[in-house]
Amino acid sequence: PEDALALERRAAEELLVSGHVDRGMDVLTRVLAHFGLGFSPSRPRALVWVLLLRAWLFVRGLGFRPRPPQELSPTALLPLDVGFSASMGLAVVDTMLALPFATRTLLRSLAVGDTFRVCRALCIELSFVASEGLPARAKVDRYCQRLGELAGAIDAPDVHALVWASTAMAMHFRGDFRAAAEGMTRGLSVYSESLGQAPPSASAGGQGRFFSQRWELATFRYFSLAAMVQLGDLAEASRLRDAYAREARERGNLYLYTNLTIGDTNLLYLAADRPDEAEAVVRAAMEGWSQRAFQMQHWWELQALCHADLYRGRGPEALARMELAYGRLVRSLLTRVQYLRLRAWHLRGRAALATCRAVGTAEAQRLLRGAQRDAERIEREGAPWATPMALLLRGGLAARRGAQDEARRNAEEAARGFEAVGMVAWAAAASWAASWAHSDGGLPARRAAEARLAARGVVRPARFAAMLAPGYER
């Protein structure tokens, strides 16, 4: 029975990490039932469990007594592997369902004393903690330090790859896109160098074997490209996206293919002036995706389609789409992820600014007040990468009021903020926006900003910049 359960657990994990979410959850539900476990019936209840478990983890700490492999029975290890499969497989799909499994598995791994599984569980817990953004910075730093200590004691290539993936994801959620891109690149290198190596010791449960559909590789590839998009390395990101997506499609890796086509990397289609394709690939990918709940991929779908609308100059369509889906997004509790929350507020604010000229005065004033509130929400969070986005919204609001000097100052400050965190394309878009408020018409500054975007691989710089910074054009 244990062998059958172990195989069924691995089957569920492979289905989840390759994007066959519904089938994977069905298999995993059967495995969990064997241990008297199951998915939380609601996301609020899952959140309560997470808070309780993390409180106990805080009291207990991360210390443990390592036990040699010969003292670890398969019966004690299998529940840890099941919890890992649930938390990893759903980590970038349905965060709230995965969270309780991540913290519970870490606590149980510490109690059992298997260093391999403690390190593995801490990697996943780190990813979830890091998603809280700036407020969790101190805890993230402690977890990263502890992971470094644990990984040094383990001869398991896939654990080292997972440590790189988790720490780089933590940097991504923090908005340190340079560190995220460098970490993911290094992780890909470690992963590639390890291909073909023999599996690690038996205590690793055979996890040292590499699979082309593994979560680590998919994570490296997607988040490295997502960081490159934020840094403005659009041409190189587009080249790699096409290669990775082609391989993922050929291998049936729905998870990676969907993320590459609908995630932050969907912006690359718009940089190439292919809005029809940007929309078509989203719709095609989501036809094969789970519809059981509002998952991370549904947020990416919303973001990508709104971007396509804004790129085409269809502000009202983007706003209507955002308002229709925003309630589901909030109820999913995905907005606990700071990176997502700030992006959603900024997207809604941009859609409102882009809509103002198409509606009557009273409605325009309502939309402007909403954009103002979104700018204030973003500023209160204090994230260095997002504060310039709030400034862009404030500048657009000033431009709509006819306060051109204020609009220019906000956009110029936003450009400096983006430059400071390495978000080059965003900085160019902010400079482009500021040029519209120049007293001399700003044509030279606007052309310089457009040239900078073109050098990054943007085919129609004015359209691309107006998508990122609406409200400034006269």
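- Using a cut-off of 4.0 Å between Lys/Arg side-chain N and Asp/Glu carboxylate O, Arg67 and Asp114 are scored as not salt-bridged.
- In this structure, CG on Leu231 lies 7.5 Å from CZ on Phe177, to the nearest 0.5 angstrom.
- A donor-acceptor pair is defined here as one N or O able to donate and one able to accept, closer than 3.5 Å; no such pair exists between the side chain of His307 and the backbone of Leu302.
- Side-chain contact between Leu267 and Met467 is present, with at least one heavy-atom pair separated by less than 4.5 Å.
- Summarising the local packing, CZ of Arg23 is surrounded by 12 or fewer heavy atoms from other residues, nucleotides or ligands at distances under 6.0 Å.
- Residues passing the side chain to side chain contact (heavy atoms under 4.5 Å, CB included) test with Pro66, sequence neighbours excluded: Phe64, Thr115.
- Once rounded to the nearest 0.5 Å, the distance linking CG of Leu110 with CG of Leu80 reads 10.0 Å.
- Here Leu340 pairs with Met296, Trp299, Leu329, Leu334, Thr335, Val337 under the side chain to side chain contact (heavy atoms under 4.5 Å, CB included) rule; sequence neighbours left out.
- Partners of Leu52 by side chain to side chain contact (heavy atoms under 4.5 Å, CB included), not counting sequence neighbours, listed by chain and number: Val48.
- Formation of a donor-acceptor pair under 3.5 Å by the Ser131 side chain with backbone atoms of Phe128 is found in this model.
- Considering every non-hydrogen atom in both Ala308 and Leu270, the closest pair reads N-CD1, 4.0 Å.
- Among residues two or more places apart in sequence or in another chain, the side-chain hydrogen bond (donor to acceptor under 3.5 Å, both in side chains) test is passed with Glu381 by Gln338, Arg341.
- When atom types are taken as modelled, the side chain of Tyr222 and the backbone of Asp264 share a donor-acceptor pair closer than 3.5 angstrom.
- Side-chain rings of Trp345 and Tyr326 stay apart, their centers remaining 6.0 Å or farther from each other.
- For Arg394, the salt bridge (Lys or Arg N to Asp or Glu O under 4.0 Å) test picks out Glu379, with sequence neighbours left out.
- Applying the side chain to side chain donor-acceptor pair (under 3.5 Å) test to pairs two or more places apart or on separate chains, those with a residue in residues 38-57 are Arg43-Asp94, Arg54-Glu125, Arg54-Glu132.
- The side-chain tip of Arg117 does not point at the ring of Phe84 from less than 6.0 angstrom away and within 45° of straight on.
- Aromatic ring centres of Tyr339 and Trp385: separated by under 6.0 Å.
- By the 4.5 Å heavy-atom criterion applied to side chains, Leu188 and Met184 are not counted as neighbours.
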Q) Which is it for Thr387 and Ile378 under the side chain to side chain contact (heavy atoms under 4.5 Å, CB included) test, yes or no, and what are the steps along the way? A) CA-CA 6 Å; Thr387 299; Ile378 295 169; 5.7 Å; no

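- A distance-only check finds a donor-acceptor pair linking the side chain of His298 to the backbone of Gln295 [under 3.5 Å].
- Glu13 has a carboxylate O that lies under 4.0 Å from a charged side-chain N of Arg9, or vice versa, which qualifies the two as a salt bridge.
- Leu453 and Ala425 get closest at one heavy-atom pair: CD2-O, 3.7 Å.
- The shortest non-hydrogen separation linking Ala390 to Ala375 is CB-O, 3.5 Å.
- The structure places CG of Leu162 at 10.0 Å from CE of Met169, a figure rounded to the nearest 0.5 Å.
- When the side chain to side chain contact (heavy atoms under 4.5 Å, CB included) test is applied to Thr258, the partners found at least two apart in sequence or on another chain are Leu254, Ile262, Ala285, Met286, Trp289, Gln297.
- Here the closest heavy-atom approach between residue Ala165 and residue Thr219 is recorded as CB-CG2, 4.2 Å.
- Between Trp164 and Gly183 the shortest heavy-atom distance is CE3-O, 3.6 Å.
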Listed pairs under 3.5 Å, donor-acceptor, residues 139-153 side chains, sequence neighbours left out:
from	atom 1	to	atom 2	distance (Å)
Asp141	OD1	Arg174	NH2	2.9
Arg146	NH1	Glu149	OE1	3.1

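- Residue pairs satisfying the ring-ring contact (aromatic ring centres under 6.0 Å, His included) criterion with at least one member in residues 88-108, sequence neighbours excluded, are listed as follows: Phe39-Phe101.
- A salt bridge between Asp81 and Arg120 is present, with a side-chain N of the basic residue lying under 4.0 Å from a carboxylate O of the acidic one.
- No more than 12 heavy-atom neighbours from other residues, nucleotides or ligands sit within 6.0 angstrom of CZ on Arg137.
- Not a single donor-acceptor pair under 3.5 Å links the side chain of Arg350 to the backbone N or O of Pro470.
- Listed by chain and number, the residues in a side-chain hydrogen bond (donor to acceptor under 3.5 Å, both in side chains) with Asp176 amount to none (sequence neighbours excluded).
- The pair Glu247-Arg251 counts as a salt bridge, with a side-chain nitrogen and a carboxylate oxygen less than 4.0 angstrom apart.
- Listed for the Thr105 side chain is no donor-acceptor partner under 3.5 Å among the backbone atoms of Ala102.
- Using a 4.5 Å heavy-atom cutoff, the side chains of Leu57 and Leu106 are in contact.
- For the pair Ser238 (side chain) and Leu234 (backbone), a donor-acceptor distance under 3.5 Å is absent.
- Taking the ring-ring contact (aromatic ring centres under 6.0 Å, His included) definition, one finds that Trp426 meets it with His346, Phe418, sequence neighbours left out.
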Q) Met25 and His20: side chain to side chain contact (heavy atoms under 4.5 Å, CB included), yes or no, with the steps? A) CA-CA 9 Å; Met25 288 187 67; His20 301 278; over 6 Å; no

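- The pair Arg239-Glu236 counts as a salt bridge, with a side-chain nitrogen and a carboxylate oxygen less than 4.0 angstrom apart.
- Residue pairs meeting the salt bridge (Lys or Arg N to Asp or Glu O under 4.0 Å) criterion with at least one partner in residues 289-301, sequence neighbours excluded, are Asp22-Arg292, Asp26-Arg292.
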